[in-house]
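Scope of the values below: all heavy atoms of this structure, side chains included, with no hydrogens, waters or symmetry mates.
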Amino acid sequence: MTTTMLDSVTLFRRDLTHAVRFPMMTISGIATASFFLLLFVGVFGDALGADFLPEGGGRYVDYIAPGIILMAAGTGTAATAIKVNQDMQEGIIARLRTMSIARMSVLTGQVVGSLVRTILSVVLVVGVALALGFRPSATPLEYLAALGVFAMLTFALTWLAVAFGLLTKSVAGANSLSLILQFLPLISSAFLPTDSMPAGVAWFAEHQPYTPIIETLRGLLMGSGIGDSAWWAVGWCAVLATVGFFWSRALYNRPRGA
């Protein structure tokens, strides 16, 4: 276990070096969610909020901020998928496989690096949201629970991004697959209630993973009801994390050239 941790730390430092070496990709991954927040609150906020918020009964920034916070967990996945794919295409991972290091530390270093970038992204989103008037009413225990929800989703999406990077044959393919994780929140309850959508779209929005996770985080931060969303949120995060981890491990351990 100690060897695995030390090897993971070494490869995490390598990931940080690459993040500094390619700053535009790092910055775009960290800042994208904040740009969405500025766009939807600053440009569309009054028009969108007027459709479903009761007059004098709420602000659009309070509704949308939890969804954008979770969106930040997905916007950094592109950099993760691309970096993993680059290492595959350049033979770095094949070389690391031949070295006397813990095998999974190669992927774990990427995961930890992605988690650090995601933390920076969500800190920026929260700062922008507070500047725009976001005022959560959570208790300390609810803040802790909200942090747990965000951590679970981030962990799950990061392992899926690693799998995408290992699966595809090019950087463009890895980036394209990661777009699924970045833009799936657009068809959820992040920006509008699902009952305001057309029937088919509403059904998809209600049953996709992001919506119960968003509703859980929104309920925790804003003091609204959660219902059974928390159970669905934990279940979806567990399923996505399990699929991502074992899929990544299987792809990483497959014979070279397979």
Side-chain angles (χ1 to χ4, degrees), residues 12-43 61-85 108-134 136 138 143-165 174-186 188 190-191 209-210 213-214 216-218 220-221 233 236-237 240-241 244:
F12 164 60
R13 291 171 58 188
R14 174 179 178 270
D15 183 82
L16 289 182
T17 301
H18 282 196
V20 174
R21 188 174 300 170
F22 302 101
M24 291 310 300
M25 183 167 63
T26 303
I27 292 171
S28 65
I30 292 173
T32 297
S34 295
F35 290 147
F36 269 96
L37 181 62
L38 289 169
L39 174 65
F40 276 88
V41 173
V43 180
V61 66
D62 289 331
Y63 180 87
I64 195 178
I68 297 293
I69 288 172
L70 288 182
M71 195 175 187
T75 55
T77 58
T80 302
I82 288 171
K83 288 181 179 182
V84 171
N85 187 266
T108 303
Q110 294 276 7
V111 169
V112 176
S114 180
L115 292 176
V116 170
R117 291 190 296 273
T118 301
I119 290 171
L120 294 176
S121 179
V122 77
V123 168
L124 181 60
V125 167
V126 171
V128 173
L130 291 173
L132 293 173
F134 177 51
Y143 276 121
L144 187 61
L147 179 61
V149 171
F150 180 79
M152 287 190 298
L153 179 64
T154 301
F155 183 77
L157 296 185
T158 300
W159 276 111
L160 283 174
V162 170
F164 292 163
N175 183 59
S176 297
L177 277 180
S178 69
L179 291 177
I180 298 172
L181 305 180
Q182 297 180 59
F183 292 106
L184 198 58
L186 294 175
S188 71
F191 301 95
Y210 269 103
I213 302 173
I214 290 169
T216 300
L217 186 66
R218 182 177 289 131
L220 290 170
L221 292 179
W236 271 117
C237 288
L240 294 175

Answer yes or no: is there a donor N or O on one side and an acceptor on the other, between the side chain of Ser121 and the main chain of Arg117, under 3.5 Å?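 Pair absent, no side-chain N/O of Ser121 close to backbone of Arg117.
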Are the side chain of Arg218 and the backbone N or O of Gly67 linked by a donor-acceptor pair below 3.5 Å?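 A pair under 3.5 Å: no.
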Once you round to the nearest 0.5 Å, how far does [atom1] of [X] lie from [atom2] of [Y]?
X      : Y      : atom1 : atom2 : result
Ile64  : Leu39  : CD1   : CG    : 8.5 Å
Met71  : Leu184 : CE    : CG    : 10.0 Å
Leu70  : Leu217 : CG    : CG    : 4.5 Å
Leu153 : Thr118 : CG    : OG1   : 9.5 Å
Leu221 : Tyr143 : CG    : OH    : 6.5 Å
Phe183 : Ser188 : CZ    : OG    : 13.0 Å

Give the minimum heavy-atom separation between [X] and [Y], together with the two atoms involved.
X      : Y      : value
Asn175 : Ala78  : OD1-CB, 3.7 Å
Asn85  : Gly165 : ND2-O, 3.1 Å
Ala190 : Pro185 : CB-O, 3.6 Å
Ala156 : Leu240 : CB-CB, 3.8 Å
Thr216 : Ala233 : OG1-CB, 3.7 Å
Ile68  : Ala33  : CG2-O, 3.3 Å

Yes or no on side-chain contact (heavy atoms from CB on, under 4.5 Å) for Trp236 and Met152, after CA distance, side-chain angles and deciding distance? CA-CA 10 Å; Trp236 271 117; Met152 287 190 298; over 6 Å; no
Just say parallel, tilted or perpendicular for the rings of Phe40 and Phe36, cut-offs at 30° and 60°.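 Parallel.
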Identify, with sequence neighbours excluded, every residue that meets side-chain hydrogen bond (donor to acceptor under 3.5 Å, both in side chains) alongside Ser178.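 Checked Ser178 against side-chain hydrogen bond (donor to acceptor under 3.5 Å, both in side chains); matches are Gln182.
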Could you please spell out the steps behind the side-chain contact (heavy atoms from CB on, under 4.5 Å) verdict for Leu160 and Thr77? CA-CA 8 Å; Leu160 283 174; Thr77 58; over 6 Å; no
Verdict with reasoning, Leu120 to Leu124, per side-chain contact (heavy atoms from CB on, under 4.5 Å): CA-CA 6 Å; Leu120 294 176; Leu124 181 60; over 6 Å; no
Starting from the C-alpha separation in whole Å, work towards a yes-or-no answer on side-chain contact (heavy atoms from CB on, under 4.5 Å) for Ile69 and Ile214. CA-CA 9 Å; Ile69 288 172; Ile214 290 169; over 6 Å; no
Between Ser114 and Thr80, a side-chain donor and acceptor under 3.5 Å: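 Per modelled atom types, Ser114 and Thr80 side chains form a pair under 3.5 Å.
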